[in-house]
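Sharing a structure below in C-alpha cells format, with a few things to ask.
What's counted below: heavy atoms across the whole structure, side chains too, no hydrogens, waters or symmetry copies. Counting starts at 1 for both ligands and their atoms, following the listed order.
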Amino acid sequence: SMANDTIFGRMLRGEIACNEVYSDQHCLAFRDIQPQAPVHVLVIPRKPLESLRAANEEDTELLGHLLLVAARVAKLEGLDDFRTVINTGAEAGQTVFHLHVHVFGGRPLAWPPG
Ligand code: AMP
C-alpha cells in the first residue's frame with residue numbers, strides 16, 4: 001500500500017523519530033510537530049491504511065481501538081474535554097496519506113471547524 005511510503009510509515013518502521021506518547025501492537029500515538037492546541041496528538045494504526053475511505057469491514061475492530069486509544073491518550077494528557085478529528089482527502093485537509101486520528105485539547109475549541 002502507498003501508505004507505507006508516508007512520513008508516518010517511516011516513523012512506524014523506526015526510520016525517523018517521533019515524540020511518542022503511547023504505543024501498542026496495533027497503533028502508535030505521538031505529538032503533532034505543528035500543534036494546533038496545547039495538546040495535539042496523532043493516533044495512527046500500524047496497518048498502512050491511506051485514509052478512512054480505505055478502511056473496510058475487516059478494520060472494524062482496529063477503528064474502534066483507535067478511538068479508545070484516542071480517549072486514553074486524552075486522559076493521559078489530563079484532558080477531560082477534547083476533540084477527535086479524522087481528515088479524509090485533500091479537500092478535507094488531509095496532508096499525510098496514512099490514516100490518523102487527531103486528538104486536540106487544552107483550550108476552548110470552536111465549532112464548526114473551518
Ligand atoms: P492531516 O492534515 O489531517 O493529514 O494531518 C497531518 C498532521 O501531521 C499535521 O497536523 C502535521 O502537522 C502532522 N505532521 C506532519 N509531519 C509530522 C511529523 N514528522 N511529526 C509529527 N507530526 C507531523
Side-chain angles (χ1 to χ4, degrees):
S1 163
M2 289 300 290
N4 275 312
D5 303 323
T6 68
I7 192 150
F8 294 171
R10 296 174 64 199
M11 281 179 191
L12 287 166
R13 295 194 299 275
E15 294 166 11
I16 57 168
C18 71
N19 194 340
E20 180 180 315
V21 298
Y22 175 88
S23 174
D24 67 26
Q25 187 184 348
H26 298 293
C27 70
L28 174 67
F30 54 90
R31 295 190 195 287
D32 198 290
I33 203 168
Q34 228 179 318
Q36 302 301 313
V39 174
H40 186 177
V41 173
L42 303 174
V43 183
I44 70 173
R46 293 189 180 278
K47 178 178 177 175
L49 287 166
E50 67 100 14
S51 70
L52 190 57
R53 66 189 166 201
N56 60 46
E57 207 62 36
E58 73 185 17
D59 302 309
T60 299
E61 201 172 334
L62 176 61
L63 294 173
H65 183 67
L66 293 175
L67 289 180
L68 288 173
V69 167
R72 183 178 302 171
V73 163
K75 187 169 189 182
L76 284 171
E77 294 292 315
L79 300 176
D80 191 13
D81 297 357
F82 59 93
R83 179 171 295 165
T84 46
V85 170
I86 301 174
N87 295 323
T88 301
E91 205 161 313
Q94 187 176 5
T95 59
V96 179
F97 286 81
H98 182 121
L99 175 63
H100 49 282
V101 180
H102 293 261
V103 180
F104 300 101
R107 65 165 171 83
L109 297 165
W111 191 262

Just to be sure I read this right, does ligand 1 sit under 4.0 Å from the backbone of L42, its side chain, both, or neither, counting only heavy atoms? side chain
Salt bridge (Lys or Arg N to Asp or Glu O under 4.0 Å) against D59, all qualifying residues, sequence neighbours excluded: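 Only K47 meet the salt bridge (Lys or Arg N to Asp or Glu O under 4.0 Å) criterion with D59.
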What residue and atom, counting heavy atoms only, is the protein's closest point to atom 12 (O) of ligand 1, and at what distance? D32 OD1, 2.5 Å
Looking only at N/O atoms, are I33 and ligand 1 under 3.5 Å apart anywhere?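 Right, the criterion is met.
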Of F104, F82, F30, which meets ring pair (Phe, Tyr, Trp, His ring centres under 6.0 Å) against H40?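 Single ring pair (Phe, Tyr, Trp, His ring centres under 6.0 Å) partner of H40 among F104, F82, F30: F104.
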Per-atom contacts, ligand 1 versus H100 - under 4.0 Å to a heavy atom: 1 (P), 3 (O), 4 (O), 5 (O), 6 (C)
Side chain, backbone, both or neither: which part of I7 has a heavy atom under 4.0 Å from ligand 1? side chain
Determine whether R31 and E77 satisfy the following criterion, salt bridge (charged side-chain N to carboxylate O under 4.0 Å, His left out), listing intermediate values before the conclusion. CA-CA 11 Å; R31 295 190 195 287; E77 294 292 315; 3.0 Å; yes
Would you please determine whether G93 falls within less than 4.0 Å of ligand 1 on a heavy-atom basis? yes
Which segment of F8 sits under 4.0 Å of ligand 1 when only heavy atoms are counted: side chain
Could you go through C18 and L28, starting from their C-alpha distance and side-chain angles, then the distance that decides it, and tell me whether this counts as side-chain contact (heavy atoms from CB on, under 4.5 Å)? CA-CA 10 Å; C18 71; L28 174 67; 4.2 Å; yes
With a 4.0 Å cut-off on heavy atoms, is Q36 touching ligand 1? no
Quick one: look at R31 and ligand 1, take heavy-atom pairs under 4.0 Å, and tell me if it's side chain, backbone, both or neither. backbone
Distance-minimising heavy-atom pair for L49 and A54: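 It is CD2-O, 3.7 Å.
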Without hydrogens or angle criteria, can the side chains of D24 and H65 be said to hold a donor-acceptor pair below 3.5 Å?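 Per modelled atom types, D24 and H65 side chains form a pair under 3.5 Å.
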Heavy-atom distances under 4.0 Å decide this one: backbone, side chain, both or neither, for N87 against ligand 1?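 It is the side chain that gets close, since no backbone atom is under 4.0 Å.
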Within a distance under 4.0 Å of any heavy atom of Q34, pick out the atoms of ligand 1 and give their elements.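 Under 4.0 Å from Q34, ligand 1 has these atoms: 12 (O).
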Do you know the tightest heavy-atom contact between S51 and Q94?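 Shortest heavy-atom contact: CB-OE1, 3.5 Å.
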Can you confirm whether or not the ring centre of H100 sits under 6.0 Å from the ring centre of H98? no
Of all the atoms in ligand 1, which lie at a distance below 4.0 Å from a heavy atom belonging to M11?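 Counting atoms of ligand 1 from 1, those under 4.0 Å from M11 are 18 (C), 19 (N), 20 (N), 21 (C).
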By side chain to side chain contact (heavy atoms under 4.5 Å, CB included) - contacts of E15 (at least two apart):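 In terms of side chain to side chain contact (heavy atoms under 4.5 Å, CB included), with neighbours along the sequence ignored, E15 is linked to R10, R13.
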For atom 4 (O) of ligand 1, find the nearest protein heavy atom and state the residue, atom name and distance (0.1 Å precision).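 Here the nearest protein heavy atom works out to T95 N, 2.7 Å.
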Output yes when the distance from some N or O of ligand 1 to some N or O of H40 is under 3.5 Å, and no in every other case. no
